[in-house]
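See below for the structure under consideration.
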Amino acid sequence: MARYNPKSVEPKWRDRWAADDVFRTVEDADKPKYYVLEMFPYPSGRIHIGHVRNYAMGDVIARYKRARGFSVLHPMGWDAFGMPAENAAMQTGRHPAELTYENIDEMRGQLKRMGLSIDWSRELATCDPDYYRHQQKLFLDFWKAGLVERRESAVNWDPVDQTVLANEQVIDGKGWRSGAVVERRKLSQWFFRITDMAEDLLAALDDGRLDGWPDNVRLMQRNWIGKSKGLTMRFAFAEDAAAPNGAKEVEIYTTRPDTLFGASFIVLAPDHPITQSYAERDPALQAFITECDKIGTSEEALEKAEKLGYELPLKAVHPFKEDCTLPVVVANFVLMQYGAGAIFGCPAGDQRDLDFARKYDLDVIPVVLPPDADPATFAIEDEAYVGPGTLFNSEFLNGLSVEDGIAAAISKIEEMGAGEATTNYRLRDWGVSRQRYWGCPIPIIHCDTCGVVPVPDDQLPVELPEVAASEFQTPGNPLDRAEAWKRVICPKCGREARRETDTLDTFVDSSWYFARFAAGVEDAPTDPAKADYWLPVDQYIGGVEHAILHLLYARFFTRAMKKTGHLSVDEPFANLFTQGMVVHETYKDENGEWVLPEDVELKDGAHIHAATGSAITVGPIEKMSKSKRNVVAPEEIAETYGADAARWFMLSDSPPERDVEWTDAGVAGAWKLINRIWETVEGAAGGLKDGDPDPSTSPDDATLSLRRATHAAIDGVTSDIEGFRFNKAIARLYEFLNLLRKSDGADIAAQLEALSALTRLIAPFTPHLAEECWALLTEEGRGLVCDAPWPVADPALLKQDLITLPVQVNGKRRSEITAAIDLDPKEIETLALDEPDVKKFVDGKSIKKVIVVPGRIVNIVVA
RNA sequence: GCCCCGCUGGCGGAAUUGGUAGACGCGCCGGAUUCAAAAUCCGGUUCCUCACGGAGUGUCCGUUCGAGUCGGACGCGGGGCACCA
């Protein structure tokens, strides 16, 4: 008996699939459609184990749905623009395009070797002008529809390299290459008005349109959009004073107007117009603002930064207490983008305000009394009280609940004409300008006479100019220096003008690729008829790290494409599955450089560099990422054990939604299994070929129990695949195989039925092995297992007539009874009380009650 | 800092609605086979205890006849935080 040899078997079947073109998408009117999509990869050059996990899951679904008779669309492409290629160009002196296409070729080969059932005829790369020309068209259509606007926005600026930095490139407030302290700088940039859609993006999370999404992702998106109802109100300045910009009052936004009587200061954002007007004549304030600008642009950095304040020579009048004036300060924890860019501080009810008040010695007036607290003694120490309670120290609000207090305060302020109830969103508009080369050019022309002019449709695409590879070794955006490309004739007035040199955020590229796969046509982004057929994506699968940004942007884009006539759905992904990440330890060498796991060796309990023998520091377990180099190449596994073993192993053990830490141990188990299946099928097939496949007779026990096991396996594996429980499907297959290997007594028909079912059940997981087995089991010319129908479980064989019930005494399991499945509870009780092991614990005590849960358990409660 | 998630044997994990904790796999131990090894096959494997029995799902508290599962507090780890993709 020949040992199974994936090296020859796997390529053989892949060639056959390719020759027969079996995975080409067919729009078959007689079949229901199914669009399964995994998040497309960034072409880093090598697939990593996380990709295998992602694409193996998608392939199980795709192959399963094919077998269930669906017309399946399962495409693949490349999220090919982005910083890594530009960084690599900086290091290697090679052009990003050259590097990227080389990487794509490499990775395409690796993915193909995984045996995925992909329709490669639909492959796309976002860096291809054939893709991004349509994206430019979409940008212009969005512009015409009023969904795009231009405005000032801050970026991280490296003053030494004279370049814009991504947040990832800012480490502890310093530029990653220059080490210079990063500043915030304002640039005129392009925005998509995603906030216009906030209400519908939010509503769809709860109205049933996204029932196929995990709850936690919907919750994260809901919190991200952050709808809040509150009060926008104005505080007049004391003594009729005015700020240098002429303002005589300041507008603030609050979600807690009930705490107005606890207000002890007003806070303005550093970039608030009033702040700015003071800064013009106050160098100390200017210095303070510069200091705030060094924090960077990420919300995390802003929130974690030490709370700093600067008092303005200004007092605000409390609207309810005319003799009470509040200091007006500038502080780094208030954001101009949110609400009005100004708040009132209520230290008793907000931890940040409290920290700030303690630091600057401002009043702390408690206004919410926790239930059961004594108003005479209740005081705020180090912790603000944010819970429910009764308002006090608050004049007309005294005695009201927080909720009622909010309503009462809003009506009072509205009555006074000092403000109005408003709805606010935490969500900000989507800034899409990037000062980089390797992205989709923004199809805009700047004319001194006409201003901003869109590039006419017939001049699309605006292609990236040829740029010498050496250009990437100079900091800054090469497009800025591409003078010949920048110079252009204004389409409106015919005078000399300049091209926009910013490119689009790569999130734009990935916000509509699913539509391009499904309905791409040469002369338009989509063909609406095709889009209607395929969209929405029936099953989208990808990493949970994309739970907010990518998925929210894709949802926005779909709405925008609908508004501009490119699509007619408004939600792109009917069902979403967020897989956990593959994580791994991180390693650094003595110079603090990241080291690949494959270069690390464990020697005498210490980690060393395999090549140099130098010491390695082991860092935290983190998601595998190119930047930290903690990636494992699946190629080696596939090389040694075959693609099937790699796929099987990635899907066994860990539940798909959970993070999995990669370890080398265990792959061999998958290899063992593949051999056991092969051996079982090959061994049996030889002796079984003459059997008549009529599995309806032979009632002897071995046959019946094998048939039951077969149908239980079909039923279980089917529901596990439907429910994305691949690890459990695999456990069931192991159980089934173990039983099958011990069922020599069963008749030939039942064995053949079992082998045939096993082969079809493993086909989505280990497709090459399944084809090889199928060829042995079936007559010549009966086709491929990837075209075979999914087995169907016979309900009659799933029924059980006996059941084992555990018997507990006072909640502890003492015995068990076996009874007919529909036995009367009274009789079960009698049976249970008769058990010797039960009597031992019951005798001599009084039975207080007996709980019989049919089909589950018996519990006897004794005193 | 804020939002979300996770925590069960030596390890990955399993456990419909609250109802036998540890399925299945890895590892380990023992045996068979072998000149020997690898591979393969068979058996065992939560911990404590000779046993009877007891303890046990990150920690503490609670609800319940019964809690891995529900509620509260806490701890640790991970993801996201708008220019990494």
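Note on naming: letters A, B, ... go to the chains in the order of the sequence lines (proteins, then strands), and numbering restarts at 1 for each one. Side chains are part of it too, since the values below use all heavy atoms of this structure and drop only hydrogens, waters and symmetry mates.
- Below the 3.5 angstrom threshold, one finds no donor paired with an acceptor across the side chain of A:R814 and the base of B:U20.
- An OP1 or OP2 oxygen of B:A23 is reached within less than 4.0 angstrom by no side-chain nitrogen or oxygen of A:N727.
- Note on A:K840: a side-chain N or O is less than 4.0 Å away from OP1 or OP2 of B:G53.
- Judged by distance alone, with hydrogens and angles left aside, A:E303 brings no side-chain donor or acceptor close enough to the base of B:C3 to form a pair under 3.5 Å.
- You'll find a donor-acceptor pair under 3.5 Å spanning the side chain of A:E300 and the base of B:C81, going by distance alone.
- Remark: A:R426 qualifies as a cation-pi partner of A:W224 under the 6.0 Å distance and 45° angle criteria applied to the six-membered ring.
- Annotation: cation-pi pair A:R814/A:F841 present, NZ/CZ under 6.0 Å from the ring centroid and within 45° of its normal.
- A:F724 and A:F577 have parallel rings, their planes meeting at less than 30° on a 0 to 90° scale where 60° marks the start of perpendicular.
- With a cut-off of 3.5 Å on both Watson-Crick or G-U wobble distances, the partner of B:C28 is given as B:G44.
- With hydrogens and angles left out, the side chain of A:R732 and the base of B:C24 share no donor-acceptor pair within 3.5 Å.
- A donor-acceptor contact under 3.5 Å links the side chain of A:N859 to the base of B:C65.
- A cation-pi arrangement is absent between A:R428 and A:Y338, since the terminal nitrogen or guanidinium carbon is not both under 6.0 Å from the aromatic centre and inside a 45° cone about the axis.
- Anti is the conformation of B:G80, whose glycosidic angle sits further than 90° from 0.
- Looking at A:E657, its side chain has no donor and acceptor atom pair within 3.5 Å of the base of B:C5.
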